[in-house]
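Worksheet for the structure shown next.
Throughout, a chain's letter reflects where its sequence line sits, starting with A, and its residues are numbered from 1. The structure displayed is predicted, hence computed values, not measured ones.
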Amino acid sequence: MPELPEVETVCRTIRSVVLNKQIASCQVNYPRLLPKNDLDQFVRDIQGRVIVDLKRRGKYIIFDLDSDLQLIVHLRMTGQLLFCPDSNESVTKHTSAILYFTDGSQLRFVDQRKFGTFYLLRPEQWHRVTGLHTLGVEPLAKEFTVEKLKELVKRPRNIKSLLLDQKCIAGLGNIYVDESLFRTGIHPQRQANSLTDTEITKLHVNIIQVLQEAIASQGTTIKDYRTGSGDTGYFQNKLLVYGKAGEPCVNCNQIIEKIRVAGRGTHYCPNCQRWDQECEA
DNA sequence: AGCTGTACCTGCAGGC
DNA sequence: TGCCTGCAGGTACAGC
């Protein structure tokens, strides 16, 4: 489910309603949700904490708590963070955890595939979470410049796997990589270091634009993703290649193909994204 | 260093 | 209808 736009939307939709709330208690129904925390200690440590800030880094959601603690949440494939103002709302089947606030409201973590993870850490303990302390540049931050992208693509590896690599750019996933490459006219199996300066410049713009547009649409709901209010996103209506295999390309009418790249289903237009194409789109 | 396969889970679609 | 296979928005890890 969640890539940068979805995680950002979840943060935005729950931020105002959880800020300054105090956690009365926490119920964990699926202990493996806490790979780096002892369950009993987690429940003990989080009890009584107040949420003082909420932010996103890559696909991680970071709750700043008082006492210098952070609750760090990764939704993985199917995780949902849902704010429930009404505690009477029935608990659904895949609810892995519930944070109970002192005012009677709740924040629930629902996760059909159970890949999602919670960590309760101090900021200096980020090194304990593989993937968190190695995150690359935030694509919507000013640090993500064309020069930065040029530097990243110097390596001899395929462009799709590079864009999916969270150590390079934090937050892109399968949907937005496919969409960015389509908008730029780059074949997903091209070697990153074969991209021309023109292509890199266009790719840089397209990555930023597709992410911004997706955030404006509250993310992409293929199946499970919901905002923090339980609503679907609607960027799925604006996708151009992801999930469009067998359909005609919006630019040229050629049939969109689906192949496997970097172990992921990959959608592209064989005409607009030619293997040997350098600067057309 | 990069690539591949496997693993973690559940549910769903498609083929027979 | 049921069984089986493969696949899904993510990522860590082992092994080549």
I need the minimum non-hydrogen distance between A/D224 and A/Q112, along with the two atoms involved. OD1-NE2, 4.0 Å
Output the rounded distance in Å from [atom1] ([X]) to [atom2] ([N]).
{"X": "A/E3", "N": "C/dT11", "atom1": "CD", "atom2": "P", "value": "9 Å"}
{"X": "A/Q218", "N": "C/dG9", "atom1": "CD", "atom2": "C1'", "value": "17 Å"}
{"X": "A/I222", "N": "B/dA13", "atom1": "CD1", "atom2": "C1'", "value": "15 Å"}

In terms of the nearest nucleotide of DNA chain B, which residue is placed more toward the 5' end: A/D165 or A/K93? A/D165
Classify the nucleic acid contact of [X] as base, sugar-phosphate or nothing, counting any heavy atom under 4.0 Å across all strands shown.
{"X": "A/G265", "result": "sugar-phosphate"}
{"X": "A/Y176", "result": "nothing"}
{"X": "A/D111", "result": "nothing"}
{"X": "A/Y30", "result": "sugar-phosphate"}

So does A/R157 reach the base of B/dA1 with its side chain, donor to acceptor, closer than 3.5 Å? no
Which residue, A/Y60 or A/Q112, contacts DNA chain C at a nucleotide closer to its 5' end, judged by nearest heavy atom? A/Q112
Counting heavy atoms from C-beta on, name the nucleotide in [options] closest to the side chain of [X].
{"X": "A/K59", "options": "B/dC12, C/dG10, C/dA8", "result": "C/dG10"}
{"X": "A/R113", "options": "B/dC9, C/dT11, C/dG9", "result": "B/dC9"}
{"X": "A/R260", "options": "B/dC9, C/dC7, C/dT11", "result": "C/dC7"}
{"X": "A/N158", "options": "C/dG9, B/dG11, B/dC3", "result": "B/dC3"}

If only side-chain N and O atoms count, and only distance matters, is there a donor-acceptor pair under 3.5 Å linking A/Y176 with A/E6? yes
Hey, is A/F115 doing a stacking thing with C/dT11, by the 5.5 Å centroid and 30° angle criteria? no
Counting neighbours of NZ on A/K150 that are heavy atoms of other residues, nucleotides or ligands and sit closer than 6.0 Å, is the number greater than 12? yes
Is any side-chain nitrogen or oxygen of A/T130 closer than 4.0 Å to OP1 or OP2 of C/dT11? no
Give a yes/no answer on whether the side chain of A/H94 brings an N or O atom under 4.0 Å of OP1 or OP2 in B/dC9. no
Any Lys/Arg nitrogen of A/R190 or A/E199 sitting under 4.0 Å from an Asp/Glu carboxylate oxygen of the other? yes
Gap in Å between the two P atoms, one belonging to B/dT10 and one to C/dT1, rounded: 24 Å
Are A/I159 and A/V137 connected in a single hydrophobic cluster, I mean Ile/Leu/Val/Met/Phe/Trp/Tyr linked by side-chain heavy atoms less than 4.5 Å apart? yes
